[in-house]
Amino acid sequence: MPIPANPRVMSGMRPTGQLHLGHYHGVLRNWIKLQNEYECFFGVVDWHAMTTDYEDPRAISENVWEMVIDWLAVGINPGAAKLFIQSRVPEHAELHLLLSMFTPLSWLERVPSYKDQQERLKEKDLTTYGFLGYPLLQAADIIIYKASLVPVGEDQVAHVEVAREIARRFNFLYGREPGFEEKAEAAVKKIGKKNGARYQELRRAYQEQGDMSALEKAAALVKAQRRISIGDRERLMGYIEGAGKIIFPEPKALLTHAPKMPGLDGQKMSKSYNNTISLRENPAAVSEKVSRMPTDPARVRRSDPGDPDKCPVWKLHEVYSTDEQKKWVQEGCRSAGIGCLDCKRPVIEAILREQGPIRERATELKKDMEAVRGIINEGCEAARDIARDTLEEVRQAMGLSYR
Ligand code: TRP
Ligand code: SF4
């Protein structure tokens, strides 16, 4: 299945608490880059938060706005990306319901996070219908925008895989309309003689020789046709491979290649390890947290030499320091030329320097919540326009458009 010529990007984040530097380095910086390269949809997925925090939904609504402020403060640009709140685009729920009709239970039960999270969050009862459906709701989030690329971390790959299978199954079940071949051939005639001939040639090259580049070129050619209906476009996409209409492109995870952001203890920074520095942590707390970080346990006294490879502070230098500073750490640590507090100082300064403008912008935004709400209103409307169109098509494909 080819990646369309101008792929859409969709991703979401659960509003379960304050964002931290791990979110910034691991996810948000990537979003900021992507927003200038693709049409992006970024959702605050409050319903996903509800699947685990259903006993205390009030906390979620507070986190929603804090999260929006964080996004804007780090430089997510509402002029470039569409920012929305999941529950404000109720079409996600309708699609989730419709997808549930043909989703085998086993697809959901075998997703690793299903059992893992139940084990990890023992204090919560996650033997619920909603929690089982978590990956399916995520699939709806993604395919409702016909997104092809989903920037996520390693832990979400299995979920994107479910979305892929769901898209494929939907196309298989509902893309096979009566008279597909004839309709597809008629659509070929509508794109003009030259384009039509080129399309057929590429289609043959793909079908007879499995030529993947022909597949991609044919898809790009179809994408570029502005005069034909959505239905014909989907027919032409599907007809390249011979299957039926392609209503949903199959989404693909776009893995973030950022190095893992280390937390205060050297493990990955994560709320569940209690080792985070929040995005807008106050400066005194940043100094204190870093100052208290454990170091190479062999450096008991200032005069003991150490080994940066055994020290969580070194991992922060790898994120924040220049080559020159890193050399200073390596030499100073191994020769006991510097003390651990000396070593931590540039890290503290770098974090504060990074947070300064973020904190400032957040303060400004908080003073004008009306504007923040306005940004979200617009994003929700834009997202909803697309979502409505998709649902219209979905209802039609499923035979539910009697009115
Ligand atoms: N499950 C994702 C997470 O925990 C959040 C999410 C919900 C998401 N819907 C999405 C991510 C759609 C990408 C696309 O991080
Ligand atoms: Fe860690 Fe730096 Fe101390 Fe070495 S000098 S143990 S790298 S904090």
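Read the numbers this way: they start at 1 and go in the same order the structure lists the ligands and their atoms.
- Of the protein's non-hydrogen atoms, R299 NH1, 3.1 Å is the one closest to atom 5 (S) of ligand 2.
- Around CD of Q18, the count of heavy atoms belonging to other residues, nucleotides or ligands within 6.0 Å does not exceed 12.
- F41 contributes atom CZ, which lies 12.5 Å from atom CG of D141 (distance to the nearest 0.5 angstrom).
- Heavy-atom contacts from other residues, nucleotides or ligands closer than 6.0 Å to CD of E109 number more than 12.
- Note: F102 and F172 fail the aromatic proximity criterion, with ring centroids not under 6.0 Å apart.
- Side-chain atoms of Y199 never come within 3.5 Å of backbone atoms of I191 as a donor-acceptor pair (strictly under, hydrogens ignored).
- The proximity of C311 to ligand 2, defined as any non-hydrogen pair under 4.0 Å, is limited to the side chain.
- What sits closest to atom 8 (S) of ligand 2 on the protein, heavy atoms only, is T295 CG2, 3.5 Å.
- One side chain, Y320 or E354, offers a donor N or O that lies under 3.5 Å from an acceptor on the other.
- The backbone N or O of Y239 sits less than 3.5 Å from a side-chain atom of R203, completing a donor-acceptor pair.
- Using a 4.0 Å cut-off between heavy atoms, V313 contacts ligand 2 through its side chain alone, with no backbone atom that close.
- Of the protein's heavy atoms, C340 SG, 2.3 Å lies nearest to atom 3 (Fe) of ligand 2.
- Ligand 2 has no atom lying under 4.0 Å from any heavy atom of K344.
- Atom 4 (Fe) of ligand 2 has as its closest protein heavy atom C333 SG, 2.3 Å.
- Because the distance cut-off is set at 2.8 Å, C343 fails to qualify as a neighbour of atom 4 (Fe) of ligand 2, as none of its N, O or S atoms comes that close.
- Expressed to the nearest 0.5 Å, how far CE of M261 lies from CD1 of I277 amounts to 6.5 Å.
- In this structure, the side chain of Q267 does not engage the main chain of Y273 through any donor-acceptor pair within 3.5 Å.
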Dump all N/O pairs between ligand 1 and the protein below 3.5 Å as a table: atom names plus distance, one pair per row.
from     : atom 1 : to   : atom 2 : distance (Å)
ligand 1 : 1 (N)  : Y134 : OH     : 2.7
ligand 1 : 1 (N)  : Q138 : OE1    : 2.9
ligand 1 : 1 (N)  : Q156 : OE1    : 2.9
ligand 1 : 4 (O)  : R14  : NE     : 3.1
ligand 1 : 4 (O)  : Y134 : OH     : 3.1
ligand 1 : 4 (O)  : Q156 : NE2    : 3.4
ligand 1 : 9 (N)  : D141 : OD2    : 2.7

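- Ligand 2 places these atoms under 4.0 Å from at least one heavy atom of D296: 6 (S).
- With hydrogens and angles ignored, the 3.5 Å screen pairs a side-chain donor or acceptor of K315 with a backbone N or O of G266.
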